[in-house]
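In this text the structure is predicted, and so the values were computed from the model without any measurement.
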Amino acid sequence: MTGVWAVPLFVPADRVRACRAVLSPRERERADRLRLPVDRSRFTVCRWALRTLLGSACQLPPEDVRFVYGVRGKPRLADAPEVHFNLTHARGLALIAVGDTPVGIDVEYADRIPDTMYELIRCFFSPAERRRVLERPTEEHRDAFFRCWTRKEALIKACGEALHSVPADFAPPGPWSLLPLTPVPGYLGALAVRGGREHLGDPAEGGIDLPDGPHLHRCRLVRGPWYPPDGTPDESDIGEHGLGIGGLGPLRLLGERTDRLDARVYGVDRVGEVR
């Protein structure tokens, strides 16, 4: 079974220091090399969350989790290769997928049209993907782009590849399934799972006991529409249908509630605009 956890990345300094304590020396060095304090904080919280989840899966303290890396840098667990995982983050939100089959996950902050959107479509989308985005009304281009982009990224990451190393029409041997995600307003993503919807659910059903708490929010995955690896969607791909994460409810951080990105918790200038 494959599950997804949401991790708010804007946390107080004392919480970041506590997260840093479980990181490896190499991870601390990576954090220290980041120029901006906000980037160091996000990296530290991401690695803490990943180690906490995987430590539970391996029945190890978070600081004892050991990683090994593939040819293109994709990590796996040295002590539990049967546990698969992937991490993604955008702005103030990270998503982590953990399960018993190869997985990939991607999330993007989709509040506005990227300046390079049409160039990215030209360079990285297959002819079918370009048509799927550009034949829609102009006002739908943004969401269609992010839906297609995150599906592509999630599938490529699940295979341990990189976007620049695969053809635009990349379709690995299957079966693979893709699920669109809408974790919180302003963000769009996708989950790629090797196999079918039988791998979607609570990882505890597959023998992986993972936490759910004030800093790691286990998401209930809706058994909605799944798409084959060529990304062929139906009309439910855009709009209010086919949401991959449901029942997340108000995110909680340090005892505070927020139904959306909230200035008290996330440090935002307005809802959805993270500083």
Side-chain angles (χ1 to χ4, degrees), residues 2-11 38-39 41-43 45-46 49-50 53 85-98 103-117 120 133 139-158 163 178-193 200 215-222 224-225 227 231 233 236-253 256-275:
T2 297
V4 173
W5 281 257
V7 185
L9 297 182
F10 283 86
V11 301
V38 66
D39 292 334
S41 173
R42 291 174 185 173
F43 175 86
V45 175
C46 274
L50 184 63
L53 286 171
F85 63 93
N86 200 229
L87 179 150
T88 182
H89 62 88
R91 297 270 182 139
L93 179 71
L95 298 179
I96 301 174
V98 181
V103 296
I105 194 166
D106 188 56
V107 69
E108 300 290 343
Y109 181 65
D111 191 54
R112 60 178 63 86
I113 295 177
D115 294 338
T116 58
M117 183 180 76
L120 292 171
V133 175
E139 62 271 18
E140 295 181 6
H141 283 184
R142 183 194 66 184
D143 283 4
F145 164 76
F146 280 114
R147 285 296 186 203
C148 193
W149 179 269
T150 54
R151 282 200 304 269
K152 180 183 288 287
E153 283 274 24
L155 183 61
I156 290 171
K157 290 172 67 180
L163 183 66
L178 299 169
L179 182 68
L181 306 176
T182 307
V184 289
Y187 291 78
L188 295 175
L191 174 69
V193 178
L200 177 66
H215 306 293
L216 289 169
H217 309 279
R218 183 180 294 183
C219 305
R220 179 175 62 83
L221 292 175
V222 176
Y227 307 125
S236 65
D237 187 349
I238 302 298
E240 296 302 318
H241 305 284
L243 303 187
I245 294 184
L248 181 58
L251 293 181
R252 290 182 177 272
L253 186 63
E256 296 189 78
R257 289 172 59 93
T258 174
D259 292 308
R260 301 186 67 187
L261 296 182
D262 184 281
R264 296 170 303 162
V265 177
Y266 290 88
V268 297
D269 295 318
R270 63 179 179 83
V271 171
E273 181 64 26
V274 183
R275 288 198 297 267

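Just one residue in the list Leu93, Leu9, Val11 forms a side-chain contact (heavy atoms from CB on, under 4.5 Å) with Arg42, and that residue is Leu9. The only member of Leu178, Ile156, Asp106 that meets side-chain contact (heavy atoms from CB on, under 4.5 Å) when paired with Arg151 is Leu178.
Listed here is the closest heavy atom pair of Cys46 and Ala94: SG-CB, 3.7 Å. When all heavy atoms of Tyr187 and Ala90 are compared, the pair lying nearest together is CE2-O, 3.2 Å.
Qualifying side chain to side chain donor-acceptor pair (under 3.5 Å) partners for His141, counting only residues two or more places apart in sequence or in other chains: Tyr118. With sequence neighbours excluded, the residues that form a side chain to side chain contact (heavy atoms under 4.5 Å, CB included) with Leu120 are Thr116, Phe124, Phe145, Trp149. Contacts of Ala158 classified as side chain to side chain contact (heavy atoms under 4.5 Å, CB included), with partners at least two apart in sequence or in another chain: Trp176, Ala192.
To the nearest 0.5 Å, atom CD of residue Glu108 and atom CZ of residue Arg147 are 12.0 Å apart.
Contact check for Ile105 versus Glu153: no side-chain heavy atoms found under the 4.5 Å cut-off. You'll find the side chain of Leu50 reaches within 4.5 Å of the side chain of Phe85, heavy atoms only. Side chains of Val4 and Leu191 form a contact here, defined as non-hydrogen atoms less than 4.5 Å apart. With contacts defined as side-chain heavy-atom distances shorter than 4.5 Å, the pair Lys152/Leu163 qualifies. Looking only at side-chain heavy atoms (C-beta outward), Leu181 and Leu95 come within less than 4.5 Å of each other. Looking only at side-chain heavy atoms (C-beta outward), Val45 and Val7 come within less than 4.5 Å of each other.
With hydrogens and angles disregarded, no donor-acceptor distance shorter than 3.5 Å links the side chain of Asn86 to the backbone of Ala97. Although no hydrogens or angles enter the test, the distance criterion places a donor-acceptor pair under 3.5 Å between the side chain of Arg142 and the main chain of Asp111. For the pair Thr150 (side chain) and Val107 (backbone), a donor-acceptor distance under 3.5 Å is absent.
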